[in-house]
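Notes to accompany the following structure.
Heads up: numbering here begins at 1 and tracks the sequence. None of the values given here were measured: they were computed from a predicted structure.
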Amino acid sequence: MKKFLLAQFCVFAFVQCRPTLYSVIQLPIQFIEIGSYGGFAGATTSYYILPNGQQFMTSGTIGSPLTSNEITPVTAKVYKAMCSRLDAIRFNQLSGNELGNMTYFVRHKTRKSDHKIQWSFMDSVPLELVSFYQDALNNIKPQAIN
């Protein structure tokens, strides 16, 4: 009987060790979202970077449903580095809600806050934020993995 209980405990403990996987429909409490929308076709593209390294891409146009794919993951260190970079530029203290033909945005959701900045001209927000946005997009590999 003791061996059976020990075996059950080991199986239960092993099952609990696997990392939690998320979806676009069920996002974690914390994430970073970057993207853009607008233009002639009304296209929208968003990238979600999650603390466990998962990444998602959603895209679509006005009048059509959004498609979402899980894309090539990054390491948790990349997510932490992105959060540190947002903290360094004091992202939560920045403000901006500028709409235009093409609108770009960065959103950082944490346990305590949900802050989003959007702009249409790259010279209307701090250079550090534009640099963060461009670097993040350059590091995303949008190949679907599912």
Side-chain angles (χ1 to χ4, degrees), residues 7-146:
Q8 275 187 324
F9 176 76
C10 290
V11 168
F12 178 75
F14 179 72
V15 169
Q16 296 302 317
C17 290
R18 65 189 162 109
T20 303
L21 297 178
Y22 298 98
S23 69
V24 172
I25 297 168
Q26 188 177 20
L27 291 170
I29 295 171
Q30 304 178 116
F31 61 85
I32 297 171
E33 178 186 9
I34 60 172
S36 63
Y37 58 90
F40 180 73
T44 180
T45 303
S46 292
Y47 298 96
Y48 296 87
I49 302 100
L50 310 184
N52 67 355
Q54 279 184 283
Q55 294 190 104
F56 296 96
M57 179 181 128
T58 62
S59 61
T61 57
I62 293 176
S64 68
L66 290 177
T67 59
S68 63
N69 289 310
E70 185 171 0
I71 58 176
T72 307
V74 294
T75 64
K77 286 182 180 181
V78 171
Y79 176 82
K80 287 180 183 179
M82 292 176 81
C83 289
S84 295
R85 192 163 170 197
L86 287 174
D87 289 342
I89 64 173
R90 297 183 176 156
F91 179 75
N92 287 338
Q93 296 175 6
L94 298 175
S95 64
N97 190 19
E98 179 183 310
L99 298 174
N101 182 41
M102 260 323 271
T103 303
Y104 309 95
F105 65 90
V106 174
R107 176 182 176 202
H108 186 208
K109 185 170 183 318
T110 65
R111 294 180 190 275
K112 297 179 182 177
S113 69
D114 187 355
H115 192 66
K116 181 178 180 179
I117 297 178
Q118 53 189 18
W119 67 93
S120 60
F121 297 103
M122 292 296 178
D123 60 351
S124 64
V125 292
L127 181 60
E128 295 87 4
L129 183 59
V130 173
S131 177
F132 172 83
Y133 179 85
Q134 292 172 339
D135 291 346
L137 286 180
N138 288 336
N139 290 328
I140 291 174
K141 297 174 180 67
Q143 295 85 14
I145 63 169
N146 60 352

Please step through side-chain contact (heavy atoms from CB on, under 4.5 Å) for the pair Tyr37 and Leu99, ending with a clear verdict. CA-CA 10 Å; Tyr37 58 90; Leu99 298 174; 3.2 Å; yes
Taking the side chain as every heavy atom from C-beta outward, state whether [X] and [Y] have any atom pair closer than 4.5 Å.
X      : Y     : result
Phe132 : Met82 : yes
Asn139 : Val74 : no
Ser113 : Asn92 : yes
Tyr133 : Ser36 : yes

Interatomic spacing from [atom1] in [X] to [atom2] in [Y] - rounded to 0.5 Å:
X      : Y      : atom1 : atom2 : answer
Tyr47  : Ser59  : OH    : OG    : 8.0 Å
Ile117 : Ile34  : CD1   : CD1   : 13.5 Å
Phe105 : Trp119 : CZ    : CH2   : 9.0 Å
Ile49  : Tyr79  : CD1   : OH    : 9.0 Å
Leu129 : Leu86  : CG    : CG    : 8.0 Å
Phe56  : Asn69  : CZ    : CG    : 10.0 Å

Does Gln118 form a side chain to side chain donor-acceptor pair (under 3.5 Å) with Thr103? I'd like the steps, not just the answer. CA-CA 6 Å; Gln118 53 189 18; Thr103 303; over 6 Å; no
Smallest separation among heavy atoms of [X] and [Y], with atom names:
X      : Y      : value
Met57  : Thr45  : CG-CG2, 4.4 Å
Gln30  : Pro51  : O-CD, 3.1 Å
Thr61  : Ala41  : CB-O, 3.9 Å
Ser120 : Tyr104 : O-CE1, 3.7 Å

Flag, side chain of Gln54 to backbone of Tyr22, donor-acceptor distance under 3.5 Å: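 Flag set: sc Gln54 to bb Tyr22 pair under 3.5 Å.
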Has the side chain of Gln55 got a donor or acceptor atom that lies under 3.5 Å from a matching backbone atom of Ile71?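 Pair absent, no side-chain N/O of Gln55 close to backbone of Ile71.
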Would one find more than 12 heavy atoms of other residues, nucleotides or ligands at under 6.0 Å from atom NZ of Lys141?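 Counting other residues, nucleotides and ligands, NZ of Lys141 stays at 12 neighbours or fewer.
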From the options Arg107, His108, Lys109, select the one residue that forms a side chain to side chain donor-acceptor pair (under 3.5 Å) with Asp114.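 Single side chain to side chain donor-acceptor pair (under 3.5 Å) partner of Asp114 among Arg107, His108, Lys109: Arg107.
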